[in-house]
**Q** 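Could you have a look at this structure, given as structure tokens, before my questions?
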Amino acid sequence: MADKLYWVIYILALNCCREANTAKRNVLLIIADDAGFESEVYNNTAVHTPHLRALAQRSLVFRNAFTSVSSCSPSRSTILTGLPEHQNGMYGLHQDIHHFNSFDGVQSLPFLLRQANIQTGIIGKKHVGPGEVYPFDFAYTEENNSVLQVGRNITHIKVLVRKFLQARRADEQPFFLYVAFHDPHRCGHSQPQYGAFCEKFGNGESGMGRIPDWTPEHYTPDQVKVPYFIPDTPAARADLAAQYTTISRLDQGIGLVLKELWEAGFENNTLVMYSSDNGIPFPNGRTNLYWSGTAEPMLLSSPEHRQRWGEVSQAYVSLLDVTPTILDWFSVPYPEYRLWGRQRVALSGRSLLPALVSEPPWDTVFASQSLHEVTMYYPMRAVHQGSFRLVHNLNFRMPFPIDQDLYVSPTFQDLLNRTHSGQPTAWFKTLQQYYYRERWELYDVQGDPGETRNLASDPAHRHTLDTLREQLLKWQWATSDPWVCAPDAVLEAKMSPQCRPLYNDL
Ligand SMILES: *[C@@H]1O[C@H](CO)[C@@H](O)[C@H](O)[C@H]1NC(C)=O
Ligand SMILES: *[C@@H]1O[C@H](CO)[C@@H](O)[C@H](O)[C@H]1NC(C)=O
Ligand SMILES: *[C@@H]1O[C@H](CO)[C@@H](O)[C@H](O)[C@H]1NC(C)=O
Ligand SMILES: *[C@@H]1O[C@H](CO)[C@@H](O)[C@H](O)[C@H]1NC(C)=O
Ligand SMILES: CC(=O)N[C@H]1CO[C@H](CO)[C@@H](O)[C@@H]1O
């Protein structure tokens, strides 16, 4: 009898673990903070990023990846839920006084993976809540640690990654590890003693401490490439040079994390994704729904799909696709449920895995922004299809708000000073134009990459405008956008939701 029981248990155990072994697939998601195209992967040869370049050689590189919202917490909430900010409730920043949170009933990626018995870990910047909506089994974040240590000290990050992976080798469970670097975020607003981008933190100089695994790389202002949307001034060049040094820490940190993954033996069963949360923290970048605020780097590396390694895809993809991609990789069904007992919730993004096999025809992405800081109410909705980007500025009669972090930056201070004293700004628009926007902005991004010629009132583009408006509205309805009727009508959401006119002449 005991013998028989032993065999039953033995066979059960064998089946369980054999299956677990062959079915075992993991994910490593790396998200940088405010990173853009300052990397060799995107042909910026002024900045040295050998580790990202090496990852790109094992990845499909997306040329047209976009965030759906250009703000930190909202973007991270969309990455981890697959739902736009207006649907998951994270309308603005999560920390301190801003206090935004996702709705309690939201089924996030870590929630769904935990239900599927996948071990989840987060190292670095979390910046979303509430905790019950975003549960991680292993968590070293700013909530209990110094964000500098878990987000910028790459030696500390390496040790934490090793700790997480060693436990996974022992327990044989599949895992989802989210490494959220705080680099290359600005620092002048929170820790100015370390420089505008914390580029001095851990560089070994007096008072800066030391990060043993980091070899800082220094750049001079004349070495940087100034993107079209940043003023070409000595102040902005020095700012960019500091940013590049911080990018060198991010790049070396990514190298360390990947080395840990490989040395732990997970090289051939782990999907690796790299992207960033929003545009770079310069004027016209972060907090804007222009190309410069929403375009993101995106690398997708699958050891099981090597046919397109090193290739560049032109397909339009969104950070809203991250959750569907990861669920697809783990064969976990997409969630379908209701919020408030009535709003039907379904993922509007798609799995990117088919792109690893052949170039897909995807050509449309949507965006939705409501706030950044709690005082920065400036709702915008946007769609980018093929060559055209349409932005709807709902409260266009208000001046565009400026966040505290950008405000104190050397680039913006210089721009303010120059504007105030009537000097040339060396910028591609005026501050007045930046603050006051048209309700509808339509750009032919192919012919006008700087998005400087608004075609919304051009009769020749009437059809494009109408088509894009219609698609944007359709997406807003499909994703339960409370702003769907604004600014010229009121959404009466109960019973049969409809827009009721205000006759406010907009
Ligand atoms: C970088 O430039 C090369 C050569 O022009 C081009 O083929 C490649 O697509 C570019 N890479 C990206 C990510 O744009
Ligand atoms: C970074 O982390 C390592 C390992 O925990 C530690 O020895 C080092 O002092 C830290 N560096 C800084 C600048 O905090
Ligand atoms: C991963 O696959 C490659 C190519 O098949 C092989 O050379 C390498 O040894 C494998 N690594 C591990 C950890 O199994
Ligand atoms: C801007 O002007 C203020 C006040 O005149 C000055 O203190 C500051 O250094 C200037 N900043 C830049 C970046 O020029
Ligand atoms: C171990 C520990 O202190 N965990 C805490 C980290 O922070 C979260 C959110 O503030 C708490 O809920 C945990 O208890």
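Each ligand, and each atom within it, is numbered from 1 in the order the structure gives. FYI, side chains are in, hydrogens and waters are out, and symmetry mates aren't considered; it's all heavy atoms of this structure.
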**Q** Determine, step by step, whether Phe428 and Phe229 satisfy the ring pair (Phe, Tyr, Trp, His ring centres under 6.0 Å) criterion, reporting the C-alpha distance in whole Å, the side-chain angles of both residues, the deciding distance to 0.1 Å, and the verdict.
**A** CA-CA 6 Å; Phe428 78 133; Phe229 57 93; 7.4 Å; no

**Q** Assign the ring pair Tyr194 / Phe201 to parallel, tilted or perpendicular, where the plane angle (0 to 90°) is split at 30° and 60°.
**A** perpendicular

**Q** Looking at atom 4 (C) of ligand 2, what's its closest protein heavy atom, distance included?
**A** Thr155 CG2, 3.9 Å

**Q** Can you tell me the protein heavy atom closest to atom 5 (O) of ligand 2 and the distance?
**A** His156 ND1, 3.4 Å

**Q** Please determine if Lys225 forms a cation-pi arrangement with Tyr42, meaning its NZ or CZ atom is less than 6.0 Å from the six-membered ring centre and no more than 45° off the ring axis.
**A** no

**Q** Give the atoms of ligand 2, by number and element, whose distance to some non-hydrogen atom of Asn153 is under 4.0 Å.
**A** 1 (C), 2 (O), 3 (C), 8 (C), 10 (C), 11 (N), 12 (C), 14 (O)

**Q** Are Lys125 and Asp277 within salt-bridge range, i.e. N to O under 4.0 Å?
**A** no

**Q** Going by the order shown, which atoms of ligand 1 are within less than 4.0 Å of some heavy atom of Val41?
**A** 13 (C)

**Q** Are side-chain N/O atoms of Gln149 and Tyr140 paired as donor and acceptor at under 3.5 Å?
**A** no

**Q** How close does the nearest protein non-hydrogen atom get to atom 11 (N) of ligand 1, and which residue and atom is it?
**A** Asn43 ND2, 3.1 Å

**Q** In terms of atom number and element, which parts of ligand 2 are under 4.0 angstrom from non-hydrogen atoms of Phe201?
**A** 13 (C), 14 (O)

**Q** Is Arg210 touching ligand 2 with its side chain, its backbone, both, or neither, if touching means heavy atoms under 4.0 Å apart?
**A** backbone

**Q** Under 4.0 Å from a heavy atom of Gly202: which atoms of ligand 2 are those, numbered in the order shown and with their elements?
**A** 13 (C)

**Q** In a check of salt bridge (Lys or Arg N to Asp or Glu O under 4.0 Å) between Arg237 and each of Asp222, Asp414, Asp232, which one passes?
**A** Asp232

**Q** Around atom 6 (C) of ligand 3, find the nearest protein heavy atom and jot down its residue, atom name and distance.
**A** Asn268 ND2, 4.2 Å

**Q** Quiz question for you: does at least one protein heavy atom lie closer than 4.0 Å to atom 14 (O) of ligand 3?
**A** yes

**Q** Near Val312, which atoms of ligand 1 are under 4.0 Å from a heavy atom of that residue?
**A** 9 (O), 11 (N), 13 (C)

**Q** Could you list which atoms of ligand 2 come closer than 4.0 Å to a heavy atom of Gln149?
**A** 1 (C), 2 (O), 10 (C), 12 (C), 14 (O)

**Q** Does the Lys NZ or Arg CZ of Arg152 fall within the cation-pi geometry relative to Phe197 - under 6.0 Å from the ring centre and within 45° of the axis?
**A** no

**Q** State the atoms of ligand 3, each with its element, that fall below the 4.0 Å cut-off from a heavy-atom position in Arg306.
**A** 2 (O), 4 (C)

**Q** Could you tell me whether Arg186 and Asp34 have a side-chain N and a carboxylate O separated by less than 4.0 Å?
**A** no

**Q** For Cys198, does its backbone N or O pair with a side-chain atom of Arg249 as donor and acceptor, under 3.5 Å?
**A** yes

**Q** Are Asp33 and Arg76 ion-paired here, with the side-chain N under 4.0 Å from a carboxylate O?
**A** yes

**Q** Against heavy atoms of Arg63, which atoms of ligand 1 measure under 4.0 Å?
**A** 12 (C), 13 (C), 14 (O)

**Q** Does atom 2 (O) of ligand 3 have any protein heavy atom closer than 4.0 Å?
**A** yes

